[in-house]
Amino acid sequence: LFSKIIKQGSTVYDIGANVGFYTLLASVLVGPRGKVFAFEPAPRNIYYLKEHLRLNRCDNVTVIEAAVSDKDDIAFFEECITSSFDHLSTKGNLKVKTISLDNLVAKGKVPPPDYIKIDVEGAELLVLFGAKKILVNCSPTTFLSTHGFDLYSQCSTFLKSINYDLQSVNGDINNVYELLAFKRR
């Protein structure tokens, strides 16, 4: 679905980039005129992400070493045995910088996105709250992986409240945590 929707020349935010699977895919899909911004706070993931970008000669990707949240701050981050489960946590073993997408765009540090991919192991609602102006004013198509029914419900309610339609990535909107969100026309 990701590769069918992303268009050449677009700007993509990969939030929770991990080691770069979607970052690399987005880099190819947007082509040399497009831009990809990969957001990742975990040092071990950042190392591999940058190495993958170097090996694949991805000149259209910028890595932003921070966790995306609802505000610019510092937060605890828990590294797990499997890096794909790393997440913001009050009992985390690392301190990481957090950033709000709205603040980044307002300060001119990044252009507004055409597409956003969010996979942040439980901080999905914080990311959405910190991107509300972007979502309302720029209407990026959003790929969202929620972690648990409560977050799925809260994120769905929030997105619907700002006129987004939701579609299940696998076709069953009532039994899935991975969503495609796009602005109602």
Side-chain angles (χ1 to χ4, degrees), residues 1-18 20-31 34-41 49 60-64 66-72 84 87-88 98-106 109-185:
L1 186 61
F2 194 77
S3 62
K4 289 179 183 178
I5 292 177
I6 304 292
K7 304 284 185 238
Q8 286 227 354
S10 300
T11 298
V12 176
Y13 291 0
D14 183 359
I15 301 166
N18 197 278
F21 178 83
Y22 281 97
T23 303
L24 292 170
L25 179 57
S27 174
V28 171
L29 294 171
V30 302
K35 293 180 178 60
V36 179
F37 294 89
F39 298 84
E40 177 59 45
L49 171 61
N60 59 353
V61 177
T62 301
V63 175
I64 299 176
V68 178
S69 189
D70 60 338
K71 62 185 176 235
D72 297 348
S84 60
H87 59 278
L88 290 174
T98 63
I99 56 175
S100 152
L101 295 177
D102 283 340
N103 289 344
L104 275 182
V105 170
K109 293 184 178 182
V110 296
D114 299 300
Y115 304 94
I116 301 175
K117 182 228 100 193
I118 304 170
D119 187 355
V120 291
E121 304 303 316
E124 299 87 346
L125 199 56
L126 294 175
V127 171
L128 293 173
F129 286 165
K132 185 175 182 179
K133 289 178 186 172
I134 291 170
L135 293 166
V136 169
N137 298 324
C138 303
S139 307
T141 298
T142 302
F143 301 85
L144 176 64
S145 179
T146 59
H147 295 81
F149 180 76
D150 288 341
L151 271 172
Y152 163 80
S153 179
Q154 292 167 350
C155 290
S156 296
T157 299
F158 173 77
L159 287 165
K160 288 176 184 176
S161 78
I162 57 171
N163 295 319
Y164 270 78
D165 284 329
L166 305 177
Q167 172 185 322
S168 164
V169 169
N170 75 358
D172 182 2
I173 195 68
N174 295 312
N175 188 25
V176 71
Y177 298 126
E178 293 187 351
L179 301 171
L180 176 65
F182 48 94
K183 198 71 176 249
R184 238 176 257 146
R185 304 285 172 208

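All of these numbers come straight from a predicted model, not from anything done at the bench. Quick note: numbers below take in every heavy atom, side chains included, and nothing from hydrogens, waters or symmetry partners.
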Quiz item: Given the rule in the side-chain contact (heavy atoms from CB on, under 4.5 Å) test, do Leu101 and Phe39 qualify, once you have shown the distances and angles that lead to the verdict?
Solution: CA-CA 10 Å; Leu101 295 177; Phe39 298 84; 3.8 Å; yes
Quiz item: To the nearest 0.5 Å, what is the distance between CD1 (Ile15) and CD1 (Ile116)?
Solution: 5.0 Å
Quiz item: For the atom pair CD (Glu178) and CG (Leu144), what is the distance rounded to the nearest 0.5 Å?
Solution: 9.0 Å
Self-check item: Ser153 side chain to Phe149 backbone, donor-acceptor under 3.5 Å
Solution: no
Quiz item: Quick one: does Val36's side chain get under 4.5 Å of Val30's, heavy atoms only?
Solution: yes
Quiz item: Taking only residues two or more places apart in sequence, or in another chain, which ones meet Tyr164 in a ring pair (Phe, Tyr, Trp, His ring centres under 6.0 Å)?
Solution: none
Quiz item: Asn137: what forms a side-chain hydrogen bond (donor to acceptor under 3.5 Å, both in side chains) with it, not counting sequence neighbours?
Solution: none
Quiz item: So, do Asp165 and Leu159 sit near enough that their side-chain heavy atoms are less than 4.5 Å apart?
Solution: no
Quiz item: Do the non-hydrogen side-chain atoms of Tyr177 and Val169 ever get within less than 4.5 Å of each other?
Solution: no
Self-check item: side chain to side chain contact (heavy atoms under 4.5 Å, CB included) partners of Thr11, counting only residues at least two apart
Solution: Tyr13, Lys35, Phe37, Pro111, Asp114
Self-check item: Spacing of Leu126 atom CG and Cys155 atom SG [to the nearest 0.5 Å]
Solution: 9.0 Å
Practice problem: Only counting residues at least two apart or in another chain, list the ones meeting ring pair (Phe, Tyr, Trp, His ring centres under 6.0 Å) with Phe2. | Solution: Tyr22, Phe143
Practice problem: Looking only at non-hydrogen atoms, find the nearest pair between Ala38 and Leu49 and report the distance. | Solution: CB-CD2, 4.0 Å
Self-check item: From Leu29 atom CG to Leu24 atom CG, the distance as rounded to the nearest 0.5 Å
Solution: 11.0 Å
Quiz item: Hey, are the side chains of Asp70 and Ser100 touching, using non-hydrogen atoms and a 4.5 Å cut-off?
Solution: no
Self-check item: Side-chain heavy atoms of Pro113 within contact of Ile134, under 4.5 Å
Solution: yes
Self-check item: Non-neighbouring partners of Gln154 that pass side chain to side chain contact (heavy atoms under 4.5 Å, CB included), sequence neighbours left out
Solution: Leu125, Leu151
Quiz item: Which residue pairs pass the salt bridge (Lys or Arg N to Asp or Glu O under 4.0 Å) test when at least one of the two sits in residues 152-162, sequence neighbours left out?
Solution: none
Self-check item: Distance, nearest 0.5 Å, that separates OG1 of Thr142 from CG of Leu180
Solution: 8.0 Å
Practice problem: Any pair with a residue in residues 2-15 that passes salt bridge (Lys or Arg N to Asp or Glu O under 4.0 Å), sequence neighbours left out, goes on the list, sorted by first then second residue, please. | Solution: Asp14-Lys117
Quiz item: Going by atom types only, do Asn60 and Ser27 share a side-chain donor-acceptor pair under 3.5 Å?
Solution: yes
Practice problem: Scan for salt bridge (Lys or Arg N to Asp or Glu O under 4.0 Å) pairs involving residues 124-148, sequence neighbours excluded, and state none if there are none. | Solution: none
Quiz item: Tell me, do Phe158 and Leu135 make a side-chain contact under 4.5 Å, heavy atoms counted?
Solution: yes
Quiz item: Do Val68 and Thr98 have side chains that get closer than 4.5 Å, going by heavy atoms?
Solution: no
Quiz item: Are Ile99 and Ser69 close enough that some pair of their side-chain heavy atoms sits under 4.5 Å apart?
Solution: no
Self-check item: Residues that Tyr115 engages under ring pair (Phe, Tyr, Trp, His ring centres under 6.0 Å), provided they are two or more places apart
Solution: none
Exercise. Would you give the length of the straight line joining atom OG1 of Thr146 to atom CG of Asp119, rounded to the nearest 0.5 angstrom?
Key: 9.5 Å
